[in-house]
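Computed from heavy atoms alone, side chains included, the values below leave out hydrogens, waters and symmetry copies.
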Amino acid sequence: MICKKAIKNAVIFTAMLLIVGINSTPLISKACNSFGVAFSVDGETTFTDTQSKSTSSPVQMLCTDKDIDGSYYYGKVYAEENNEYYDVSHGYEYYFDVNETHNMLNWVNEEGYTQAVIQCEGYSVDDYHGAWFGGYWYPDI
(Lines give C-alpha, C1' and ligand atoms only; values in the text may rest on other atoms or scores of the structure.)
Protein backbone atom coordinates (compact mmCIF):
# COMPACT_ATOMS: atom_id res chain seq x y z
CA MET A 1 0.00 0.00 0.00
CA ILE A 2 2.78 2.43 0.93
CA CYS A 3 4.68 1.55 -2.27
CA LYS A 4 1.66 2.34 -4.48
CA LYS A 5 1.17 5.67 -2.71
CA ALA A 6 4.86 6.59 -3.18
CA ILE A 7 4.72 5.72 -6.90
CA LYS A 8 1.50 7.73 -7.33
CA ASN A 9 3.06 10.76 -5.59
CA ALA A 10 6.23 10.47 -7.71
CA VAL A 11 4.16 10.38 -10.93
CA ILE A 12 2.11 13.41 -9.84
CA PHE A 13 5.26 15.32 -8.84
CA THR A 14 6.95 14.52 -12.19
CA ALA A 15 3.86 15.62 -14.13
CA MET A 16 3.76 18.91 -12.21
CA LEU A 17 7.45 19.54 -12.95
CA LEU A 18 6.86 18.94 -16.66
CA ILE A 19 3.88 21.31 -16.72
CA VAL A 20 5.81 24.05 -14.91
CA GLY A 21 8.85 23.52 -17.15
CA ILE A 22 6.84 23.74 -20.37
CA ASN A 23 4.96 26.85 -19.26
CA SER A 24 8.13 28.67 -18.20
CA THR A 25 10.17 28.14 -21.39
CA PRO A 26 10.44 31.11 -23.74
CA LEU A 27 8.03 31.09 -26.65
CA ILE A 28 10.25 33.04 -29.05
CA SER A 29 13.90 32.19 -29.37
CA LYS A 30 14.71 34.55 -32.25
CA ALA A 31 16.81 37.61 -31.50
CA CYS A 32 14.55 40.63 -31.76
CA ASN A 33 14.58 44.30 -31.09
CA SER A 34 11.62 46.40 -30.04
CA PHE A 35 11.52 49.73 -31.82
CA GLY A 36 9.90 53.10 -31.62
CA VAL A 37 10.13 55.62 -34.46
CA ALA A 38 8.81 59.17 -34.44
CA PHE A 39 8.14 61.61 -37.29
CA SER A 40 7.59 65.37 -37.17
CA VAL A 41 6.57 65.94 -40.80
CA ASP A 42 5.45 63.93 -43.84
CA GLY A 43 8.32 62.27 -45.68
CA GLU A 44 10.72 62.42 -42.73
CA THR A 45 12.98 59.36 -42.43
CA THR A 46 14.44 57.74 -39.35
CA PHE A 47 16.28 54.48 -38.64
CA THR A 48 15.73 51.72 -36.10
CA ASP A 49 18.61 50.62 -33.88
CA THR A 50 21.29 48.50 -35.55
CA GLN A 51 21.11 44.71 -35.16
CA SER A 52 23.56 42.00 -36.11
CA LYS A 53 22.46 40.00 -39.16
CA SER A 54 24.07 36.62 -39.78
CA THR A 55 21.90 34.97 -42.46
CA SER A 56 20.53 35.83 -45.89
CA SER A 57 16.95 35.43 -44.62
CA PRO A 58 14.35 38.21 -44.80
CA VAL A 59 14.06 40.78 -42.03
CA GLN A 60 10.69 40.67 -40.26
CA MET A 61 9.00 43.79 -38.92
CA LEU A 62 5.76 43.97 -36.90
CA CYS A 63 4.04 47.31 -36.28
CA THR A 64 2.00 46.98 -33.09
CA ASP A 65 1.33 50.57 -31.94
CA LYS A 66 0.80 54.12 -33.19
CA ASP A 67 -0.49 57.28 -31.62
CA ILE A 68 -2.12 59.18 -34.52
CA ASP A 69 -5.05 57.69 -36.50
CA GLY A 70 -4.51 57.73 -40.24
CA SER A 71 -0.71 57.88 -40.09
CA TYR A 72 1.49 55.16 -41.62
CA TYR A 73 5.07 54.58 -42.71
CA TYR A 74 7.13 52.76 -45.32
CA GLY A 75 10.11 50.66 -44.31
CA LYS A 76 13.07 49.22 -46.19
CA VAL A 77 16.23 47.42 -45.13
CA TYR A 78 19.60 49.15 -44.98
CA ALA A 79 23.02 47.89 -43.96
CA GLU A 80 25.04 49.86 -41.41
CA GLU A 81 28.82 50.05 -41.28
CA ASN A 82 30.88 52.68 -39.42
CA ASN A 83 27.78 54.88 -38.90
CA GLU A 84 27.11 54.92 -42.65
CA TYR A 85 23.86 53.50 -44.10
CA TYR A 86 23.68 51.56 -47.38
CA ASP A 87 20.44 50.71 -49.19
CA VAL A 88 20.39 46.92 -49.60
CA SER A 89 16.66 46.65 -50.32
CA HIS A 90 17.04 46.55 -54.12
CA GLY A 91 13.96 48.75 -54.38
CA TYR A 92 11.66 46.76 -52.09
CA GLU A 93 9.80 48.86 -49.53
CA TYR A 94 6.85 47.90 -47.35
CA TYR A 95 3.75 49.72 -46.09
CA PHE A 96 3.19 49.62 -42.31
CA ASP A 97 0.23 50.48 -40.15
CA VAL A 98 -0.88 48.92 -36.85
CA ASN A 99 -1.09 45.12 -37.07
CA GLU A 100 1.00 45.00 -40.27
CA THR A 101 3.77 42.40 -40.50
CA HIS A 102 6.15 41.94 -43.42
CA ASN A 103 9.07 39.68 -44.23
CA MET A 104 11.31 42.23 -45.92
CA LEU A 105 13.63 41.15 -48.72
CA ASN A 106 17.20 42.39 -48.36
CA TRP A 107 20.78 41.74 -49.47
CA VAL A 108 22.68 42.64 -46.28
CA ASN A 109 24.89 39.52 -46.18
CA GLU A 110 25.10 39.11 -49.94
CA GLU A 111 26.66 42.56 -50.23
CA GLY A 112 29.20 41.81 -47.48
CA TYR A 113 27.61 43.54 -44.47
CA THR A 114 26.80 42.12 -41.03
CA GLN A 115 24.65 44.88 -39.47
CA ALA A 116 21.06 45.73 -40.46
CA VAL A 117 18.72 48.64 -39.77
CA ILE A 118 15.33 49.58 -41.13
CA GLN A 119 14.75 52.99 -42.63
CA CYS A 120 11.23 54.23 -41.85
CA GLU A 121 9.53 57.08 -43.71
CA GLY A 122 6.39 58.58 -42.13
CA TYR A 123 3.22 59.84 -43.86
CA SER A 124 -0.07 61.48 -42.81
CA VAL A 125 1.82 62.87 -39.85
CA ASP A 126 -0.04 65.33 -37.62
CA ASP A 127 1.43 68.83 -38.20
CA TYR A 128 1.29 69.71 -34.51
CA HIS A 129 1.96 66.46 -32.62
CA GLY A 130 3.86 64.40 -35.19
CA ALA A 131 3.41 60.63 -35.20
CA TRP A 132 4.94 57.71 -33.31
CA PHE A 133 4.99 53.98 -34.15
CA GLY A 134 6.21 51.00 -32.18
CA GLY A 135 6.67 47.27 -32.59
CA TYR A 136 9.31 44.60 -33.11
CA TRP A 137 11.76 43.58 -35.80
CA TYR A 138 13.81 40.45 -36.28
CA PRO A 139 17.02 40.67 -38.33
CA ASP A 140 17.16 36.91 -38.97
CA ILE A 141 14.01 34.81 -39.32
Side-chain angles (χ1 to χ4, degrees), residues 2-141:
I2 294 176
C3 186
K4 286 183 182 181
K5 188 174 183 179
I7 292 172
K8 177 182 167 188
N9 286 341
V11 168
I12 291 171
F13 181 72
T14 303
M16 289 175 60
L17 282 176
L18 286 171
I19 291 170
V20 169
I22 289 170
N23 287 329
S24 64
T25 57
L27 298 177
I28 296 176
S29 62
K30 300 183 235 177
C32 77
N33 184 27
S34 60
F35 75 91
V37 291
F39 307 100
S40 299
V41 295
D42 278 0
E44 181 180 3
T45 61
T46 188
F47 290 91
T48 62
D49 290 336
T50 302
Q51 289 289 303
S52 180
K53 179 145 179 59
S54 57
T55 70
S56 59
S57 67
V59 168
Q60 186 177 73
M61 183 174 236
L62 301 80
C63 179
T64 58
D65 298 298
K66 72 176 181 179
D67 65 347
I68 301 294
D69 286 340
S71 59
Y72 59 94
Y73 69 95
Y74 282 93
K76 59 182 169 178
V77 181
Y78 274 65
E80 187 272 331
E81 184 174 75
N82 298 324
N83 294 322
E84 297 283 330
Y85 298 105
Y86 304 95
D87 186 352
V88 291
S89 66
H90 289 211
Y92 290 96
E93 69 178 355
Y94 302 85
Y95 169 87
F96 286 94
D97 200 341
V98 171
N99 299 322
E100 295 277 339
T101 300
H102 293 289
N103 293 335
M104 304 168 70
L105 294 175
N106 68 90
W107 284 260
V108 173
N109 290 117
E110 291 81 356
E111 294 187 17
Y113 301 105
T114 59
Q115 302 290 315
V117 298
I118 299 176
Q119 180 199 50
C120 303
E121 189 169 346
Y123 291 97
S124 293
V125 173
D126 182 272
D127 290 338
Y128 184 72
H129 295 291
W132 177 88
F133 296 87
Y136 301 92
W137 73 282
Y138 303 88
D140 294 307
I141 59 169

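A 4.5 Å side-chain heavy-atom check between Ile118 and Met61 finds at least one atom pair inside the cut-off. Phe133 is not listed as a side-chain neighbour of Phe96, based on a closest heavy-atom distance of 4.5 Å or more. At least one side-chain heavy atom of Trp132 sits less than 4.5 Å from a side-chain heavy atom of Asp65.
The side chain to side chain contact (heavy atoms under 4.5 Å, CB included) test with Asp87 singles out one residue from Glu93, Glu111, Lys76, and that residue is Lys76.
The list of ring pair (Phe, Tyr, Trp, His ring centres under 6.0 Å) pairs with a residue in residues 41-70, not counting sequence neighbours, reads Phe47-Tyr78, Phe47-Tyr85.
Shortest non-hydrogen contact noted between Thr48 and Cys120 is CG2-SG, 4.3 Å. Shortest non-hydrogen contact noted between Val108 and Ala116 is CG2-CB, 4.1 Å. Nearest heavy atom pair, residue Gly130 against residue Ile68, reads O-CG1, 3.2 Å. The shortest heavy-atom contact between Gly70 and Ser124 is O-CB, 3.2 Å.
Using cut-offs of 30° and 60° on the angle between ring planes, the pair Tyr72 and Tyr123 is parallel. The aromatic rings of Tyr94 and His102 lie tilted to each other, with the angle between the two planes from 30° to 60°. Classified by interplanar angle (parallel below 30°, tilted 30° to 60°, perpendicular above 60°), the ring pair Trp107/His90 is parallel.
Note that the CD1 atom of Ile141 and the CG atom of Asn103 stand 3.5 Å from one another [nearest 0.5 Å]. Tyr74 contributes atom OH, which lies 13.5 Å from atom CD of Gln119 (distance to the nearest 0.5 angstrom). Note that the OG atom of Ser34 and the CG atom of Leu62 stand 11.5 Å from one another [nearest 0.5 Å]. Here the straight-line distance linking atom CG of Asn109 with atom CD of Gln115 works out to 10.0 Å at 0.5 Å rounding. Taking OG from Ser56 and CG from Leu105, the interatomic distance works out to 11.0 Å, rounded to the nearest 0.5 Å. With values rounded to the nearest 0.5 angstrom, Phe35 atom CZ is found 12.5 Å from Gln51 atom CD.
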Stepwise side-chain contact (heavy atoms from CB on, under 4.5 Å) test for Tyr73 and Cys63 = CA-CA 10 Å; Tyr73 69 95; Cys63 179; 3.8 Å; yes
Intermediate values then yes/no, side-chain contact (heavy atoms from CB on, under 4.5 Å), Asp42 and Val125 = CA-CA 6 Å; Asp42 278 0; Val125 173; 3.4 Å; yes
Would you check, one step at a time, whether the test side-chain contact (heavy atoms from CB on, under 4.5 Å) holds for Asn106 with Lys53?
-> CA-CA 11 Å; Asn106 68 90; Lys53 179 145 179 59; 3.2 Å; yes
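The aromatic ring centres of Tyr86 and Tyr113 sit less than 6.0 Å apart.
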